[in-house]
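Below: one structure, written as structure tokens.
Scope of the values below: all heavy atoms of this structure, side chains included, with no hydrogens, waters or symmetry mates. Residue numbers count from 1 along this sequence.
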Amino acid sequence: MNADAVTDSGIWFRVEASSAASAVRRAAERLGAQVEMGAVRIADLAIVAAELTSNLVKHADDGVLLLRPVRRAGQAGVELIAIDSGPGMADLTVSSQDGHSTTGTLGIGLGAIVRQASWFDGYSLPGKGTVLAVQIWPVEPARPSWAGALTRPLTGETVSGDGYGVRVAEGRHQVLVSDGLGHGPLAGAATDAALAAFRDAPAGPPAAVVGHLHRSMSHTRGAALAVAELAPEAGVLRYAGLGNISGVVVEGGGQRRGLVSLPGIAGHQRPTIREYDYPFGPGARLVMHSDGVVDRWRMADYPGLAERSPLVMAATLLRDAAVRRDDACVLVARSWA
């Protein structure tokens, strides 16, 4: 096991041997202390980290684990996302019950994870693999987020040029995906500038926010980016993009509706910025990703995935559709109306 990449959004571990459990556990304990979680919950976090890693070693192919801080509702916690490429489980609910085993052991691993977790979600499909997402909060768990995302750097890089943002500004629920031009630190700096500008942008529709980002990024090499605003109470999604960020609305029956991004580079020249509205009703999902993710995935290949959390859906698509020769980012947001 080694730490494949350390980024601002967490640490990716490649899990290859049983020795991984202790290394991941120690990293989780350090992170728990950094966010001032408290001794009792740090101990719970250590159990979860060790069990997740052990499950990857025992049951999984190509197992990786993401460890990162998570902040919401004025408190900080720790999030762990375990991802593998097989063999998968036919019934994740049964497998997470104490006493169930697939290897002749006591079978308490997933049950222990569920007991210690403040929040837990997962998705598994035979032949494709499993995604497990766990959050440990110091006190009361924060309400599950309406959006979830992951980034992963190009193989061999320690910095990703891709990034994402989620915000609620004066009641506007908005998300951003950014892909800094090229790779490495300079691409990462462009996306960092986009994220900072997004956090500080005045409340306004997506086209106005994209314009603000463009003006704020002139000192960088620029980025492809897109901003979406979810307004499920009105049944509308508003979208404005520049460059090769892919946006898709997945409707209740699994049908996909592609979203329009115009040519251009945020931070360079004077791109045309235009906003488009799309139907976005109950049960709809927004999926946005950088060009490090191949846009050939189909919801029909993932029965039940659209009912899982945005985070688990994003992690599953990242596992199966991201390419190793580029930075990758996937963001999923849901309707809550």
- Any donor-acceptor pair under 3.5 Å from T191 side chain to G180 backbone: yes
- Message: Is there a continuous path of hydrophobic side-chain contacts, each under 4.5 Å between heavy atoms, that joins V177 to L242?
- Response: no
- Can you tell if the side chain of P303 reaches within under 4.5 Å of the side chain of Y123, non-hydrogen atoms only? yes
- Closest heavy-atom contact between I42 and G32? CD1-C, 3.7 Å
- Can any side-chain N or O of S118 pair as donor or acceptor with the backbone N or O of W137 at less than 3.5 Å? yes
- Task: Determine the minimum heavy-atom distance between R41 and A117, stating which atoms define it.
- Result: NH2-C, 4.3 Å
- Task: Tell me yes or no: between the side chains of D179 and S290, is some donor less than 3.5 Å from an acceptor?
- Result: no
- Could you check if a side-chain atom of R308 sits within less than 4.5 angstrom of a side-chain atom of Y302, using non-hydrogen atoms only? no
- Task: Output the distance between atom CZ (R172) and atom CZ (R238), rounded to the nearest 0.5 Å.
- Result: 6.5 Å
- Query: Below 4.5 Å, heavy atoms only, C-beta onward: do V249 and E251 meet side chain to side chain?
  - Reply: yes
- Item | Under 3.5 Å donor-acceptor, S54 side chain and A50 backbone | no
- Query: How many angstroms lie between CG in L311 and CD in E79, if you round to the nearest 0.5 Å?
  - Reply: 5.0 Å
- Do other residues, nucleotides or ligands put more than 12 heavy atoms under 6.0 Å from Q255 CD? yes
- Message: Same cluster or not: V210 versus M288, using hydrophobic residues (I, L, V, M, F, W, Y) connected whenever any side-chain heavy atoms lie under 4.5 Å apart?
- Response: no
- Interatomic distance, L262 atom CG to Y276 atom OH [nearest 0.5 angstrom]: 4.5 Å
- Query: For G163, does its backbone N or O pair with a side-chain atom of T151 as donor and acceptor, under 3.5 Å?
  - Reply: no
- Can you tell if the side chain of L80 reaches within under 4.5 Å of the side chain of F13, non-hydrogen atoms only? no
- Note on the structure: When every non-hydrogen atom of F198 is compared with those of V166, the smallest separation belongs to CE2-N, 3.8 Å
- Query: Are R167 and Q174 close enough that some pair of their side-chain heavy atoms sits under 4.5 Å apart?
  - Reply: yes
- Beyond-backbone contact of I113 with N55, side-chain heavy atoms, under 4.5 angstrom: yes
- Over 12 foreign heavy atoms within 6.0 Å of CZ, R256: yes
- Would you confirm whether E275, through its side chain, and A207, through its main-chain N or O, come within 3.5 Å as a donor-acceptor pair? yes
- Message: Hydrophobic clusters here meaning ILVMFWY residues chained together by side-chain heavy-atom distances under 4.5 Å, can you tell me if M37 and V134 are in one?
- Response: yes
- Item | Donor-acceptor pair, side chain of H268 and main chain of A223, under 3.5 angstrom | no
- Message: To the closest 0.5 Å, what do you measure between CG (L286) and CG (L331)?
- Response: 6.5 Å
- Just how far is it from atom CG of D62 to atom CD of E16, taken to the nearest 0.5 Å? 9.5 Å
- Task: Check whether any side-chain N or O of R285 sits under 3.5 Å from a backbone N or O of A306 as a donor-acceptor pair, and report yes or no.
- Result: yes
- Taking S145 for its side chain and G148 for its backbone only, find out whether a donor-acceptor pair lies under 3.5 Å. no
- Treat each ILVMFWY residue as a node, draw an edge where side-chain heavy atoms are under 4.5 Å apart, and state whether L225 and L181 are in one component. no
- Message: Would you say that H212 contacts P202 through its side chain, given a criterion of any heavy-atom pair below 4.5 Å between the two side chains?
- Response: yes
- Look only at the side chain of D44 and the backbone of Q116, and say whether a donor-acceptor pair between them is shorter than 3.5 Å. no
- Within-4.5 Å side-chain heavy-atom neighbours: V260 and Y278: yes
- Correct closest heavy-atom pair for A228 and Y239 would be CB-CD1, 3.7 Å
- Query: Linking I/L/V/M/F/W/Y whenever any side-chain heavy atoms sit under 4.5 Å apart, do I47 and L45 land together?
  - Reply: no
- Query: Taking the side chain from D121 and the backbone from S309, do they hold a donor-acceptor pair closer than 3.5 Å?
  - Reply: yes
- Closest heavy-atom pair, S335 versus P282, reported as atoms and distance to 0.1 Å, is OG-CA, 3.9 Å
- Task: Find the distance between CG (L67) and CG (L31) and round it off to the nearest 0.5 Å.
- Result: 5.0 Å
- Query: CZ of R274: more than 12 outside heavy atoms within 6.0 angstrom?
  - Reply: no
